Chemist: 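Structure incoming, see below.
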Amino acid sequence: MKKKIKITVLAISILVISGCSNANSQPNHSMMNNEEMDDSMMNMDGNMMGNRHMSHDGVVSLNDSTGENELKIPAMLERDNKEEVAYTVRAQIGKTEIFDGIETNTYGYNGTFLGPMLRLEKGDTVKIRAINELDENTTFHWHGLEVAADADGGPHDVIKPGEEKIIEFKVEQEAATLWFHPHPEGKTSEQVYNGLAGLVYIEDDNSKSLGLPTDYGKNDIPLIFQDKTFDDKKQLNYRAAMNDDGTIGDTLLINGTLNPKLTVNKEKVRLRLLNGSNARNFTFKLNTGDSFIQIATDGGFLNAPVTLNEITLTPSERAEIVVDFSQLNLENGLALINEDGSVLLPFEVSDQSGAISRIPGEMNDFSLTVEEKDLPVTKKVELFGMMDMVMINGKKFDADRIDFTQQQGVTEVWEIYNRPDMMGGMIHPFHIHGTQFKIISRDGEEPSEYEQGWKDSIAVHPGERVKIAIQFNHKGVYMFHCHILEHEDNGMMGQIEVK
C-alpha cells in the first residue's frame, strides 16, 4: 500500500455541526466577518467522515499506470462547413468502456466521454452551436478565452435539456492551449467529474513560425489528467466519492485512458499538460531525473524556454513542455511520474527517428511594464475556509450581487490573499474568466521564470499574497473563483462587471 503523500491541495474534511452541512441552506453565511468565520469553523464537529481527507497535507496516492493501454488522443473536431469557422458541440450522456468489458455511465462532448479538440486561429470569427443533450441544465464555459461575457458560459448562461445556443466570438489572443467545460451553479464539479471537458488550441503566425513539434497526436500530444474513484461496479458514483473540500480519486485517467502508455519516436515531443481534476495537484517529473523544457503557460508562450526538473499544476492550470526522447537514457524505462513517485504515464520509445524540430531561444514578447508594476492595488481578494464554509471576502456567491467593477481596457492590480485557517490552510487555485493576466509578485518577490507568461489560473498558497495585473477587453459580468470545483460549487466565487 502506498503511503499518503504531502500535496497541500485539500483542507481537512470534517463533519460540520447540524445545520452547517449544506451551504445552500445557510443564507446567514452569505457574509461573515473574520471573527464570525473563525468562530463558525471552530464550532465544527471533529468527527471524520469515512470518505474525507484526514489532513490538510495528506491525500491518497494514485495507483501506478501499468502501461497496458495506448494513450487515446482526442479527435480534432471538424467544421460544420467550409465557408465559416463553425462547429457543433453537444453535451451528451453515454456509456464508456474504461475497464475491459465493463460499461461505465459517463458524460461527453460529441461522444461518450470527454470531448474533441477545437483548433482555432487568431483572427477567426467563430460560431459554435452548443446543444444540451443531458437530462439536466449545463453551460459551455470557454476557459482561458478572451470573449464577451455573453459568450463565456458562466452560471448565468444556462442551457436547458434539449435546448441549444449559438455562441459567437472573434479570436483576438495569441497561440495557447485552452479548454472548455461546464459551469452550472452548484453542478460544475459533478459534470466535469462525469466527463465533460475538451481542448481548444489557438494558433497564430508566431506559433507556426517557431519550428516546434506540431504533428498532432504524434509529437504534439495533449494530456488531460484527471483522478477518479470507481465503485465496486466500476461506475463514477460522484455522490459517494464527493468531498466538500475537493473530490480526490486513486485512479488516474489521461485523456480518458486507464493505465495509459505513450509510444513516441526518438525526437522532441511537445506535451500539452492540463490538470483537469476536480481538486488534485500534480507535480510532473521524469522518473530518471532528467530535465525537460517548458515553452508555454496557460495563455501563451514564454519569452524563452525554461529548463525544469519538475512542474506543479493545480486544477485548471496548463503548461506546455518539450521532452527530447532522442537524448534520454532508456535502459531502465522512462515515465512521467508524480511527486510521490506514482507512475502517471510510461513512455515506449521506438527505434525510429522522428521529425526534426527545434526549441527557439526567443518565442514571445510578453512583458510586465514598469507602469503596471507601480500601479496601486485596487482590488483585494481574500480566500478563506474549508468544506462548504469557503468564501471570498467573507461572502458566498450570490448571482444577484456584483462584487467588483472595472472599466473595459483599463489595467488594474488585484491582490489575492489566501488567509490560513485553523488547520493551517490549503492551496487555492484562483481563476478569472474572460481574460488572461500577468503575475507581478508573490509575497513581494518576482515570480519564477516559468510563471512569467499569460495566466488565467494561479496557485495561491496558505498565507501568500499574490499581485496580478489584469485587463478586460470585453464588457459584461464575469466569474472569479477557486478552481477546486467543490469549493466553486460551495460558493467560493464572485462576480466582476466590466463596463
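The shown structure was predicted, so the numbers you read here are calculated from the model rather than taken from an experiment.
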Chemist: Can you name the nearest heavy-atom pair linking Pro305 to Pro360, along with the distance?
Modeler: CD-O, 3.3 Å

Chemist: Does the side chain of Ser342 reach to within under 4.5 Å of the side chain of Ser61, using non-hydrogen atoms?
Modeler: yes

Chemist: Within the structure provided, determine whether Leu485 and Tyr193 are in side-chain contact (heavy-atom separation under 4.5 Å).
Modeler: no

Chemist: If you compare all heavy atoms of Thr138 against all heavy atoms of Pro182, which two are closest, and at what distance to 0.1 Å?
Modeler: OG1-CB, 3.4 Å

Chemist: Give a yes or no answer on whether the side chain of Lys438 reaches the backbone of Ser367 with a donor-acceptor pair at less than 3.5 Å.
Modeler: yes

Chemist: If you compare all heavy atoms of Val147 against all heavy atoms of Asp152, which two are closest, and at what distance to 0.1 Å?
Modeler: CG2-CA, 3.8 Å

Chemist: For Val171, run the side chain to side chain contact (heavy atoms under 4.5 Å, CB included) check against Asp204, Asp124, Val85 and tell me which one passes.
Modeler: Asp124

Chemist: To the nearest 0.5 Å, what is the distance between OG1 (Thr214) and OH (Tyr201)?
Modeler: 11.0 Å

Chemist: So among Glu488, Glu190, Glu486, which one has a side-chain hydrogen bond (donor to acceptor under 3.5 Å, both in side chains) with Asn278?
Modeler: Glu486

Chemist: Quick check against the 3.5 Å criterion: does Ser457 have a side-chain atom that pairs as donor or acceptor with the backbone of His431?
Modeler: no

Chemist: Under a 4.5 Å cut-off applied to non-hydrogen side-chain atoms, are Thr405 and Lys499 in contact?
Modeler: yes

Chemist: Could you go through Asp403 and Arg401, starting from their C-alpha distance and side-chain angles, then the distance that decides it, and tell me whether this counts as salt bridge (charged side-chain N to carboxylate O under 4.0 Å, His left out)?
Modeler: CA-CA 6 Å; Asp403 299 279; Arg401 185 188 69 236; 2.8 Å; yes

Chemist: Is there a side chain to side chain contact (heavy atoms under 4.5 Å, CB included) between Val377 and Lys380? Walk through the geometry before answering.
Modeler: CA-CA 7 Å; Val377 172; Lys380 292 189 176 183; 3.9 Å; yes

Chemist: Do the two ring centres, one from Phe180 and one from Tyr109, sit under 6.0 Å apart?
Modeler: yes

Chemist: Walk me through it: do Phe169 and Glu146 pass the test side chain to side chain contact (heavy atoms under 4.5 Å, CB included)?
Modeler: CA-CA 9 Å; Phe169 55 87; Glu146 298 178 8; over 6 Å; no

Chemist: To check you understand the geometry: which heavy-atom pair defines the closest contact between Val460 and Val466, and what is its length?
Modeler: CG1-CG2, 4.2 Å

Chemist: Given side chains that start at C-beta, do those of Thr297 and Glu451 come closer than 4.5 Å, heavy atoms only?
Modeler: no

Chemist: Identify the two heavy atoms, one from Asn132 and one from Ile159, that lie closest to each other, and give their separation to 0.1 Å.
Modeler: ND2-O, 2.8 Å

Chemist: Given Tyr238 and Leu236, is the side chain to side chain contact (heavy atoms under 4.5 Å, CB included) satisfied, shown in steps?
Modeler: CA-CA 6 Å; Tyr238 177 77; Leu236 290 169; over 6 Å; no

Chemist: For Thr314 and Glu317, which I'm curious about, is there any donor-acceptor pair between the side chains at under 3.5 Å?
Modeler: yes

Chemist: Considering only heavy atoms from C-beta outward, does the side chain of Asn275 approach that of Ser316 to under 4.5 Å?
Modeler: no

Chemist: Look up atom CG in Leu336 and atom CD1 in Ile254, then write down how far apart they are to the nearest 0.5 Å.
Modeler: 7.0 Å

Chemist: Please answer whether the main-chain N or O of Asn490 pairs with a side-chain N or O of Lys396 as donor and acceptor at a distance below 3.5 Å.
Modeler: yes

Chemist: Salt-bridge test for Arg129 and Glu164: reply yes if a basic N is under 4.0 Å from a carboxylate O, no otherwise.
Modeler: yes

Chemist: How would you list, by chain and number, every residue that makes a side chain to side chain contact (heavy atoms under 4.5 Å, CB included) with Glu136, sequence neighbours excluded?
Modeler: Tyr107, Leu134, Lys187, Gln191

Chemist: Would Met479 and His141 satisfy side chain to side chain contact (heavy atoms under 4.5 Å, CB included), going step by step from the backbone distance to the final call?
Modeler: CA-CA 11 Å; Met479 304 297 114; His141 170 50; over 6 Å; no

Chemist: With rounding to the nearest 0.5 Å, note down the distance linking OG1 in Thr378 to CD in Gln406.
Modeler: 6.0 Å

Chemist: For Ala176 and Gly300, work out which heavy atoms get closest and say how close.
Modeler: CB-N, 3.9 Å

Chemist: Under 3.5 Å, which donor-acceptor pairs link side chains of residues 306-313 to any protein atom two or more places apart or in another chain?
Modeler:
residue	atom	partner	partner atom	Å
Asn309	ND2	Gly289	O	3.0
Thr312	OG1	Thr283	OG1	2.7

Chemist: Would you say Gln226's side chain and Gly276's backbone share a donor-acceptor pair under 3.5 angstrom?
Modeler: yes

Chemist: Should Gln173 and Asn473 count as side-chain neighbours, where that means a heavy-atom distance under 4.5 Å?
Modeler: no

Chemist: Using the rule ring pair (Phe, Tyr, Trp, His ring centres under 6.0 Å), only one of His483, His143, His481 pairs with His183; which is it?
Modeler: His481

Chemist: Centres of the Trp414 and Phe480 rings: under 6.0 Å?
Modeler: yes

Chemist: Under 3.5 Å, is there a donor on one side chain and an acceptor on the other for Arg272 and Thr177?
Modeler: yes

Chemist: Using a 4.5 Å cut-off on heavy atoms from C-beta on, say whether the side chain of Trp179 contacts that of Ile224.
Modeler: no

Chemist: Tell me every residue that passes salt bridge (charged side-chain N to carboxylate O under 4.0 Å, His left out) with Arg465, counting only those two or more places apart in sequence or in another chain.
Modeler: Glu415

Chemist: Run the numbers on Asp227 and Ser277 for side chain to side chain donor-acceptor pair (under 3.5 Å), then give the verdict.
Modeler: CA-CA 6 Å; Asp227 58 327; Ser277 293; 2.9 Å; yes

Chemist: Using distance alone, with no hydrogens and no angle criterion, decide if Asp456 and Gln436 have a side-chain donor and acceptor under 3.5 Å apart.
Modeler: yes

Chemist: Examine the side chains of His487 and Asp245 and answer whether a donor and an acceptor come within less than 3.5 Å of each other.
Modeler: yes

Chemist: Are Leu383 and Ile416 side-chain neighbours, meaning at least one heavy-atom pair lies under 4.5 Å?
Modeler: yes

Chemist: Out of curiosity, Glu121 CD to Glu203 CD, how far, rounded to the nearest 0.5 Å?
Modeler: 7.0 Å

Chemist: Is it the case that more than 12 heavy atoms not belonging to Gln408 sit under 6.0 Å from its CD atom?
Modeler: yes

Chemist: Look at the rings of Trp454 and Phe366 and say which category their plane angle falls in: under 30° parallel, 30 to 60° tilted, over 60° perpendicular.
Modeler: perpendicular

Chemist: Considering residues, nucleotides and ligands other than Tyr417, do more than 12 of their heavy atoms fall under 6.0 Å from its OH?
Modeler: yes

Chemist: Is it true that a side-chain atom of Glu445 and a backbone atom of Pro447 form a donor plus acceptor pair closer than 3.5 Å?
Modeler: no

Chemist: Just verifying a value: how many Å separate Met426 CE and Asn418 CG, rounded to the nearest 0.5 Å?
Modeler: 8.5 Å

Chemist: Take atom NZ in Lys285; do more than 12 heavy atoms of anything else shown fall under 6.0 Å from it?
Modeler: yes

Chemist: Answer yes or no: does atom CD of Glu497 have more than 12 heavy-atom neighbours from other residues, nucleotides or ligands under 6.0 Å?
Modeler: yes

Chemist: How far does NZ of Lys379 sit from CD1 of Ile468, to the nearest 0.5 angstrom?
Modeler: 11.0 Å

Chemist: Under 3.5 Å, is there a donor-acceptor pair linking the side chains of Glu174 and Asn364?
Modeler: yes

